[in-house]
Every structure is written in C-alpha cells, then in structure tokens.
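Accompanying notes for the structure given below.
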Amino acid sequence: MAEIKASDVKELRERTGAGMLDCKNVLTEAGGDMEKAVELLKKKGLAAAAKKAGRTASEGAVASYIHMGGKIGVLIEVNCETDFVAKTEEFQTFCRDLAMHIAAMSPMCVREEEIDPVYIAKQKEIFIAQLKEDPKNSKKPANVLEEIVKGKVAKHLTEVVLLEQAHVKADVYGKDKKIKDILAEKVAKIGENIVIRRFSRFQLGEGLEKKVSNLAEEVAAQVAASQKN
C-alpha cells in the first residue's frame, strides 16, 4: 500500500475543496495517484449530489450583479436547505459569481427543459437553411443532414442554457468547467441540496428602438420653423 503523505492530502484538498478525511481516503483508494484521486472525488461528489437532488431547498439567497456602470444588471435566486448555509460566505460568493456569469454570457434560461419548443424549431429551420446554402452538403442524404442539424441544435443549447455553459471565472472554478458540474461539486462539499431556481437579466435599452438623429438636420428644421413664425 502506498504511503499517503500529509502534503499530498493538503494538495488534494486545495485542488478540490474536499474534506481532509475524504482526501486521505481517496488517495488511499487511488494508491497515491493524485490525478486518479481527483477523478474519484469528482465521481463521489456527483453521486452525493444526485442523492441530495430530491431534498427540499426552500432557503437560499437572491444575489445581484451590476456591470458597465449600471448598463447591465442581474438578479438570481439560488436555493439551499438551511438558512445557516445560505448566510455562509462560500454560498454568497457562489451566488454572486453566478450573477456575474449571467451578465457576461446572457443565457436564456437555467435548464434545457425551460426552452420554448417553438424556439428550438426555429433554430432547426435556420440550421437547415444554412446547410442547404452550403455546396458541400448538396449531395448528402437527408438522414445525414438531420443528424448534422441535431448536433448543431445540441451545441447551440450549450451556449444558451445556464447549466450547460462553462463558467466565465475559469481561474476560480476551472477551465471549461460547466455550471452544472460546479453546482454538483458545491452540493457534495456543502452537504445540502442547492438549486439555481431563476434569474432575470436586464440590459439598458434592450428591446427599445433607438432614435438616430442628425444634429444638422434638427438645427435646420428649427431655423426653418422660426423663420415661418
């Protein structure tokens, strides 16, 4: 049996945030292999998160983030099981980081099942039209084109669904790590079910028609009006 050094346990804890005992146990199970131990912790964490998924999460916090001097704002509700966890710095930071991510990446919804089927159908139409315009696809059979479209739609969903997006704070949560995986790790570490319930993203002027004015024309019109008077 490989000797488990205290320095290795410390390193694994710093890399994963897991408890000291858990780190020691998986290092022993992995025969001292650090990378294998990290993978084992991930698997155990996902399993633990799945077990907690059905538990009621009625506490939590509403976090906010304002960007670009007030031009973009986000409100997000994240639920947990107890008020004690909701008030911890780790939970509050996680919520604020989610709000920051939403401000930057502008997801449409939290989870895939929340997307309007009409929107998905429209995306399929767009991708089909794009494929038809590409000469490389003109001789491909319909079933092949259908699979290509499915792949494009699936990829698009990873870009607009919050849980499928990679967190913008890669330096904190890991490069290309998806929100859903970070959430599972938080559940395993904190020991409570955590649910990203909903969010609202506001962008100044979004949906409004901006009037494009010509100062010279406005001045000329004002002069003409004054001369008539």
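Position 1 is the first residue of the sequence; numbering continues from there.
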Exercise for the section: Determine, for Glu39 against Lys36, whether the closest basic-nitrogen to carboxylate-oxygen distance falls under 4.0 angstrom. Expected result: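 No, Glu39 and Lys36 are not salt-bridged.
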Practice task
Output yes when Arg111 and Glu164 qualify as a salt bridge under the 4.0 Å nitrogen-oxygen rule, no when they do not.
Solution key: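 Glu164 and Arg111: not salt-bridged.
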Let me confirm one number: the [atom1]-[atom2] distance from [X] to [Y], rounded to the nearest 0.5 Å.
X: Ile148; Y: Ile128; atom1: CD1; atom2: CD1; answer: 11.0 Å
X: Glu59; Y: Ile194; atom1: CD; atom2: CD1; answer: 13.0 Å
X: Glu112; Y: Lys180; atom1: CD; atom2: NZ; answer: 9.0 Å
X: Cys23; Y: Met34; atom1: SG; atom2: CE; answer: 8.5 Å
X: Gln165; Y: Asp176; atom1: CD; atom2: CG; answer: 12.5 Å

For [X], what residues pass the side-chain contact (heavy atoms from CB on, under 4.5 Å) criterion, not counting sequence neighbours?
X: Lys10; value: Glu14
X: Ser64; value: Leu75
X: Asp116; value: Val118, Tyr119
X: Glu133; value: none

Handout entry: Test salt bridge (charged side-chain N to carboxylate O under 4.0 Å, His left out) applied to Lys177 and Glu185, step by step
Key = CA-CA 11 Å; Lys177 185 174 286 187; Glu185 289 174 2; 3.1 Å; yes
Exercise for the section: Begin with the C-alpha distance, continue with both residues' side-chain angles, and end with the deciding distance and a verdict on side-chain contact (heavy atoms from CB on, under 4.5 Å) for Ile196 and Leu162. Expected result: CA-CA 9 Å; Ile196 303 172; Leu162 176 62; 3.9 Å; yes
Other members of the hydrophobic cluster containing [X], with the 4.5 Å side-chain heavy-atom rule, please.
X: Ile72; answer: Met68
X: Val168; answer: Met105
X: Ile126; answer: none

Same apolar cluster (I L V M F W Y, side chains within < 4.5 Å links), [X]/[Y]:
X: Phe199; Y: Ile66; answer: no
X: Val149; Y: Val160; answer: yes
X: Leu183; Y: Val161; answer: no

Practice task
For Lys5, check side-chain hydrogen bond (donor to acceptor under 3.5 Å, both in side chains) against everything at least two apart and list the hits.
Solution key: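 side-chain hydrogen bond (donor to acceptor under 3.5 Å, both in side chains) check on Lys5 returns nothing, list empty.
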Exercise for the section: Sequence neighbours left out, what passes side-chain hydrogen bond (donor to acceptor under 3.5 Å, both in side chains) with Lys87? Give chain and number order. Expected result: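 Once residues adjacent in sequence are excluded, the partners of Lys87 under the side-chain hydrogen bond (donor to acceptor under 3.5 Å, both in side chains) criterion are Asp83.
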Handout entry: By salt bridge (charged side-chain N to carboxylate O under 4.0 Å, His left out) - contacts of Glu159 (at least two apart)
Key =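 For Glu159 the salt bridge (charged side-chain N to carboxylate O under 4.0 Å, His left out) partners, ignoring immediate neighbours, are Lys155.
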Heavy-atom donor-acceptor pair, [X] side chain to [Y] backbone, under 3.5 Å:
X: Asn79; Y: Ser58; result: no
X: Thr88; Y: Val85; result: yes
X: Gln92; Y: Ala86; result: yes
X: Glu81; Y: Asn193; result: yes

Donor-acceptor list for residues 200-207 side chains, cut-off 3.5 Å, not counting sequence neighbours:
from	atom 1	to	atom 2	distance (Å)
Arg201	NE	Ile102	O	3.1
Arg201	NE	Ala103	O	3.4
Arg201	NH1	Gln203	OE1	3.0
Arg201	NH2	Ala103	O	2.9

Can you name the nearest heavy-atom pair linking [X] to [Y], along with the distance?
X: His156; Y: Phe127; answer: CB-CZ, 4.2 Å
X: Leu12; Y: Ala37; answer: CD2-CB, 3.9 Å
X: Ile115; Y: Leu157; answer: CD1-CD2, 3.3 Å
X: Leu145; Y: Leu131; answer: O-CD1, 4.0 Å
X: Tyr65; Y: Ala99; answer: CB-CB, 3.7 Å
X: Ile4; Y: Val9; answer: CG2-CG2, 3.7 Å

Handout entry: Residue pair Lys124, Lys150: steps toward the side-chain contact (heavy atoms from CB on, under 4.5 Å) verdict
Key = CA-CA 8 Å; Lys124 287 182 179 178; Lys150 284 183 180 179; 5.9 Å; no
Exercise for the section: Begin with the C-alpha distance, continue with both residues' side-chain angles, and end with the deciding distance and a verdict on salt bridge (charged side-chain N to carboxylate O under 4.0 Å, His left out) for Arg198 and Glu114. Expected result: CA-CA 11 Å; Arg198 55 184 173 173; Glu114 296 171 1; over 6 Å; no
Exercise for the section: Decide if atom CD of Glu77 counts as having more than 12 heavy atoms of other residues, nucleotides or ligands within a radius under 6.0 Å. Expected result: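 Counting other residues, nucleotides and ligands, CD of Glu77 exceeds 12 neighbours.
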Practice task
Among residues two or more places apart or on two chains, list those pairs meeting ring-ring contact (aromatic ring centres under 6.0 Å, His included) that have a residue in residues 84-103.
Solution key: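 The answer is His101-His167.
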Practice task
Check whether the side chains of Tyr173 and Asp97 place a donor and an acceptor atom closer than 3.5 Å, and report yes or no.
Solution key: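 Yes, a side-chain donor-acceptor pair sits under 3.5 Å.
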Practice task
Would you kindly say whether Glu192 and Thr82 are connected by a side-chain donor-acceptor distance under 3.5 Å?
Solution key: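 Indeed, the side chains of Glu192 and Thr82 share at least one donor-acceptor pair under 3.5 Å.
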Practice task
In sequence, state the C-alpha distance, the side-chain angles, and the governing distance for Val62 and Ile76, and then conclude on side-chain contact (heavy atoms from CB on, under 4.5 Å).
Solution key: CA-CA 5 Å; Val62 174; Ile76 182 171; over 6 Å; no
